[in-house]
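This report concerns only the one structure given below.
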Amino acid sequence: MNWTGFSKKSISERLDQLRTNQLLDQKSLNKLDQNEQLPLNIANQMAENVLGTLSLPFALAPDFLIDGHDYQVPFVTEEPSVTAAASFAAKIIRKSNGFKTTIHNRQMIGQVALYDILDKNKAKQIILDKKQHLLALANDAYPSIVKRGGGARELNVTIKEDFLIIYLTVDTQEAMGANIVNTMMEAIAHPLEKLTGGQKLMAILSNYATESLVTAQCQIDLRFLSRDKTEAKKLAQKMELASQLAQADLYRASTHNKGIFNGIDAVVLATGNDWRAIEAAGHAYANQTGSYKGLSTWQYDKDASVLRGALTLPMPIATKGGSIGLNPTVQIAHEILGYPSAKELASIIVSVGLAQNFAALKALTSTGIQAGHMKLQAKSLALLAGAEEKEIDSVVSQLLKEKHMNLETATLILKSLKEKKN
Ligand code: HMG
């Protein structure tokens with residue numbers, strides 16, 4: 001498959017390319033062609049007080065090579081240059097054998113917090129003695145996940161200040177598992193009160209999904225950073241420094257991680273997953289040492305002449321359940337990806353995060369972010385100024401020559417363009 005120049009095609013040419021590469025069947029292609037959206041009656045069942053639906057661009061970042069498989073990755077984002085940057089990075093990383101990922105585990109964690117316990121150490125021991133019984137109670141509360149090969153796996157107890165906290169680890173298979181875990185936690189809460197004499201404060205899933213960690217790595221040959229060897233070395237050094245800066249400075253760490261989530265959120269949203277959960281997990285993980293740090297690292301290996309990147313994140317992603325089956329565009333996203341399993345999808349998403357970070361750091365440590373980002377931002381400004389499709393290219397090219405690239409300038413350019421035409 002040759003994805004070079006995909007961005008320069010029209011929408012119908014892009015759909016043709018998806019057809020040629022058998023990424024979508026005719027029914028799905030028609031849905032995209034006709035811009036079929038989430039039906040209002042379904043939207044009205046998904047959330048409350050519904051008035052309508054809100055659309056966002058549904059795009060494709062092609063050419064990802066992950067664990068030896070090709071992926072064309074659907075993105076949903078309102079931000080210019082995000083999909084371009086990810087596609088750009090995917091191309092470079094593909095030339096260096098792509099991404100390698102490791103799924104460390106794939107389980108969810110729930111917690112019951114008890115209080116008003118006189119002897120917490122004694123209560124902890126009582127619970128641990130009844131561990132098998134409590135695991136069985138949790139599984140009895142959600143038999144369908146047990147039938148599908150999942151279920152409650154482990155139970156731990158911790159004392160934190162006035163609380164006795166019981167953590168349950170659950171294999172939720174292809175689901176994100178919030179409902180499964182919450183049901184199980186509520187099922188064991190009362191038995192835990194009876195065992196300890198304490199009171200339940202709450203029973204709920206934790207979004208700090210440390211039992212769903214995924215690592216993506218890549219190793220970029222320096223010749224793909226720049227044709228000029230000296231320039232490539234300088235860039236690799238600077239990208240390593242940029243990674244160190246995100247470990248050292250909280251202000252930078254926050255922006256560094258925002259860049260990673262530019263791509264992650266776009267795929268999480270496209271695949272119908274809970275992006276708040278993924279963000280919460282990622283930012284908590286960035287703070288795992290007690291000080292918030294950049295999530296990815298880049299190291300320049302002078303001897304091997306490569307730049308090595310790595311990103312580890314909790315990625316409790318689902319391919320079944322929630323709203324995934326309800327939104328037609330979300331179903332198309334899964335079809336484009338070849339209906340990956342939850343583990344495979346998690347690997348894709350973490351790889352996208354690393355790619356996004358690579359593109360941002362490469363731009364930041366070389367041309368600066370404005371050059372690439374503003375080129376694409378100019379299109380949004382032209383649209384905001386009221387340019388019609390046939391006027392966009394002229395407004396953008398003039399806008400890029402201006403010192404002050406803003407809505408006011410775009411409006412003036414469009415006005416003079418229209419005046420010239422009349
Ligand atoms: P370039 O070198 O001008 O790209 O970079 P190119 O024109 O040589 O094209 C190379 C490839 O990039 C293309 O290959 C496409 O894959 C892709 P081709 O298809 O031509 O064979 N590409 C595009 N794809 C779709 N639409 C486009 C497009 N242009 C190139 N219009 C590029 C241009 C924007 C890629 C580069 O400058 C870049 O990666 N910049 C970084 C942009 C970025 O990170 N944006 C995110 C928003 S900024 C932010 O919020 C995050 C940040 O604060 C995070 C942080 O601080 O860490 C920066």
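Indexing begins at 1, ligand by ligand and atom by atom, following the structure's order. Treat the numbers as computed from the prediction; the structure is a model and nothing was measured.
Taking 4.0 Å as the cut-off between side-chain N and carboxylate O, E231 and R223 do not count as a salt-bridged pair. Contact check on D16 versus K9 returns no salt bridge, with no Lys/Arg side-chain nitrogen under 4.0 Å from an Asp/Glu carboxylate oxygen. With salt bridges taken as basic N to acidic carboxylate O contacts below 4.0 Å, none links R106 and E211.
Remark: D162 pairs with no residue by the side-chain hydrogen bond (donor to acceptor under 3.5 Å, both in side chains) rule, at least two apart or across chains. Remark: F64 engages F99 in a ring pair (Phe, Tyr, Trp, His ring centres under 6.0 Å) (not counting sequence neighbours).
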Does ligand 1 have any N/O pairs with the protein under 3.5 Å, and how far apart?
unit_1   : atom_1 : unit_2 : atom_2 : d
ligand 1 : 14 (O) : K91    : NZ     : 3.4
ligand 1 : 16 (O) : K91    : NZ     : 3.0
ligand 1 : 19 (O) : G5     : N      : 2.9
ligand 1 : 19 (O) : K91    : NZ     : 3.4
ligand 1 : 20 (O) : K8     : NZ     : 3.0
ligand 1 : 21 (O) : G5     : N      : 3.3
ligand 1 : 45 (N) : S81    : OG     : 2.7
ligand 1 : 50 (O) : E79    : OE2    : 3.2
ligand 1 : 50 (O) : K258   : NZ     : 2.9
ligand 1 : 50 (O) : N262   : ND2    : 3.2
ligand 1 : 56 (O) : R252   : NH1    : 2.8
ligand 1 : 56 (O) : R252   : NH2    : 3.3
ligand 1 : 57 (O) : R252   : NH2    : 2.7

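Every pair passing ring pair (Phe, Tyr, Trp, His ring centres under 6.0 Å) that includes a residue from residues 212-265 is listed here, sequence neighbours excluded: F261-H283.
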